[in-house]
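Written below as structure tokens is the structure these notes are about.
Computed from a prediction, not measured in an experiment: that's the story for all the values here.
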Amino acid sequence: MLVLGIETSCDDTGVALFDSDRGILAEALHSQVAMHTRYGGVVPELASRDHLARLSPMIVRCMAAAQRALHDLDAVAWTQGPGLAGALLVGASLGSSLALSLGIKGLGIHHLEGHLLSPLLDDHPPAFPFVALLCSGGHTQLMLVQQLGSYELLGDTLDDAAGEAFDKSAKMMGLGYPGGPAIAALAQQGNPTRYPLPRPMLRSGDLDFSFSGLKTAVRTKLASLGVRADDEESIQALSHVQRADVAASLQAAICEVLVSKSMAAMEKTDQQRLVIAGGVSANHELRRQLKLACERRGFQLHFPALKLCTDNGAMIALAAAMRLERGEGLQGEELARVGANVRPRWPLHGLK
Ligand code: KG4
Ligand code: ZN
């Protein structure tokens, strides 16, 4: 089965051509980071317009790279939600129109399901069931995944996601957006024990998270070092070593909580396989610590290839191929009627 996957939920335009027998045949990705960076975050209207301008040429390029024609496609899939409404609409309108014009199936996919299943694109994919730590920009969740469409929410963040703690702290430190990669790079040169920061909810006894206090703790620490809130220039008062130490201390606090809760989830559910996915799973320190913790307990750990951690079209095409095999997908009149409907807010555990 040949599926075209389209991802436009936020600030990455992703396209991939996926063959259920042969894997990813071609992929294209455009990050809008450079365009949004001077605003300090994603500007939704600019994001939608950019997706619109880039999507069609990227699809044409992908088809050409795989030496396939549009009429070879069996289905088109797009991200239906959650995400920015306007950005989602671009992928859903183009994807459903393309499927309609070709007379094939079209399918809207849950963005987080795409992330969750992305480790299945690996040469050594995990078998079901597994526990998944989903760590994207807006979500930090632990899920028990029994099979496709069976997602039991074990724990969730009560406020900010881990990605937000990275992003908001990076902004305070004048590191721009997105903050995760910038903090991770700076942390490599820092001392993670220099500024002890809180480990929120570490001993709460449940599997929930809370990261907004951590962001406040970073703000307080920076203030005690002479940095004024919302005055990005005052960060210059800190030495490079101090900045690196704050970054390393923040990363250490986030990693410790994520690792500890993931291990607790494995034990509570009596599972053997842990999967991490979403943008934050690109973090090397988190991968290293999770690997150690899993090895110590005899658990298997699976994570997506680095390029598949953040948003991409391949994870959408894969999730779609799996759902199409179950007989899902819209066609004809129904596709025309509801294909372009998007769901900016859409909890994963409601999915079937
Ligand atoms: O999954 P994703 O690409 O987009 C969403 O669906 O939200 O995740 C983006 C998030 C951002 O918060 C970004 O700062 C974070 O992933 N991120 C990282 C790293 N790379 C991306 N966080 C920590 N370390 C990284 N290396
Ligand atoms: Zn994502």
Side-chain angles (χ1 to χ4, degrees), residues 1-31 51-52 54-83 87-102 104-122 125 136 148-149 277-279 304-305 307-326 328-331 335 339-343 346 348 351:
M1 188 187 300
L2 191 63
V3 183
L4 179 71
I6 297 173
E7 156 61 39
T8 62
S9 67
C10 188
D11 58 347
D12 289 304
T13 317
V15 174
L17 194 58
F18 178 78
D19 181 321
S20 41
D21 294 325
R22 299 173 52 206
I24 303 169
L25 301 186
E27 50 195 324
L29 187 71
H30 175 79
S31 161
H51 286 309
L52 191 57
R54 292 186 192 272
L55 198 50
S56 300
M58 283 171 70
I59 293 173
V60 171
R61 270 209 311 280
C62 253
M63 301 304 299
Q67 297 183 310
R68 298 299 173 99
L70 286 175
H71 61 73
D72 293 330
L73 289 174
D74 293 302
V76 182
W78 56 89
T79 304
Q80 192 182 2
L88 290 166
L89 269 170
V90 175
S93 326
L94 201 139
S96 55
S97 315
L98 185 57
L100 255 183
S101 67
L102 294 169
I104 58 177
K105 277 191 172 178
L107 187 56
I109 292 294
H110 195 295
H111 180 79
L112 295 178
E113 177 173 71
H115 276 304
L116 195 75
L117 300 176
S118 59
L120 300 180
L121 288 163
D122 198 69
S136 65
L148 176 74
K307 64 169 184 179
L308 297 177
C309 286
T310 43
D311 296 347
N312 63 84
M315 66 182 194
I316 301 303
L318 168 78
M322 293 175 72
R323 288 191 168 273
L324 287 157
E325 260 155 39
R326 291 203 322 197
E328 293 183 30
L330 303 172
Q331 230 171 338
L335 176 61
N341 288 359
V342 296
R343 303 183 67 175
W346 186 10
L348 178 62
L351 221 62

### Task
Go through the steps to decide whether Lys307 and Asn312 satisfy the test side chain to side chain contact (heavy atoms under 4.5 Å, CB included), and finish with yes or no.
CA-CA 8 Å; Lys307 64 169 184 179; Asn312 63 84; over 6 Å; no
Measuring from [X]:[atom1] to [Y]:[atom2], what's the distance to the nearest 0.5 Å?
X      : Y      : atom1 : atom2 : result
Ile6   : Ile109 : CD1   : CD1   : 12.0 Å
Ser93  : Leu98  : OG    : CG    : 12.0 Å
Met322 : Glu328 : CE    : CD    : 11.0 Å
Leu116 : Leu318 : CG    : CG    : 10.5 Å
Glu27  : Met315 : CD    : CE    : 12.0 Å
Glu7   : Ile316 : CD    : CD1   : 5.0 Å

Contact summary for [X] and [Y], nearest pair of heavy atoms:
X      : Y      : answer
Ala277 : Ser118 : CB-OG, 4.1 Å
Leu112 : Ser136 : CD2-OG, 4.0 Å
Leu17  : Ala66  : CD2-CB, 3.5 Å
Leu88  : Thr79  : CD2-O, 3.5 Å
Ala26  : Ala65  : CB-CB, 4.1 Å
Ala319 : Gly114 : CB-CA, 4.5 Å

Report yes or no: does [X] contribute a side-chain atom to a donor-acceptor pair with the main-chain N or O of [Y] at less than 3.5 Å?
X     : Y      : result
Thr8  : Ala87  : yes
His30 : His51  : no
Gln80 : Asn341 : yes

[Y] side chain reached by [X] side chain, heavy atoms, under 4.5 Å:
X      : Y      : answer
Thr13  : Val90  : no
Trp346 : Leu351 : yes
Pro82  : His110 : yes
Leu73  : Met63  : yes
Leu94  : Ser56  : yes
Leu148 : Glu325 : no
Asp311 : His111 : yes

### Query
Just wondering, are more than 12 heavy atoms of other shown residues or ligands nearer than 6.0 Å to CZ in Arg22?
no
#### Entry: Test log, rule side chain to side chain contact (heavy atoms under 4.5 Å, CB included), inputs Leu324 and Asp74
CA-CA 10 Å; Leu324 287 157; Asp74 293 302; over 6 Å; no
#### Entry: Steps toward side chain to side chain contact (heavy atoms under 4.5 Å, CB included) verdict (Leu107, Val3)
CA-CA 10 Å; Leu107 187 56; Val3 183; over 6 Å; no
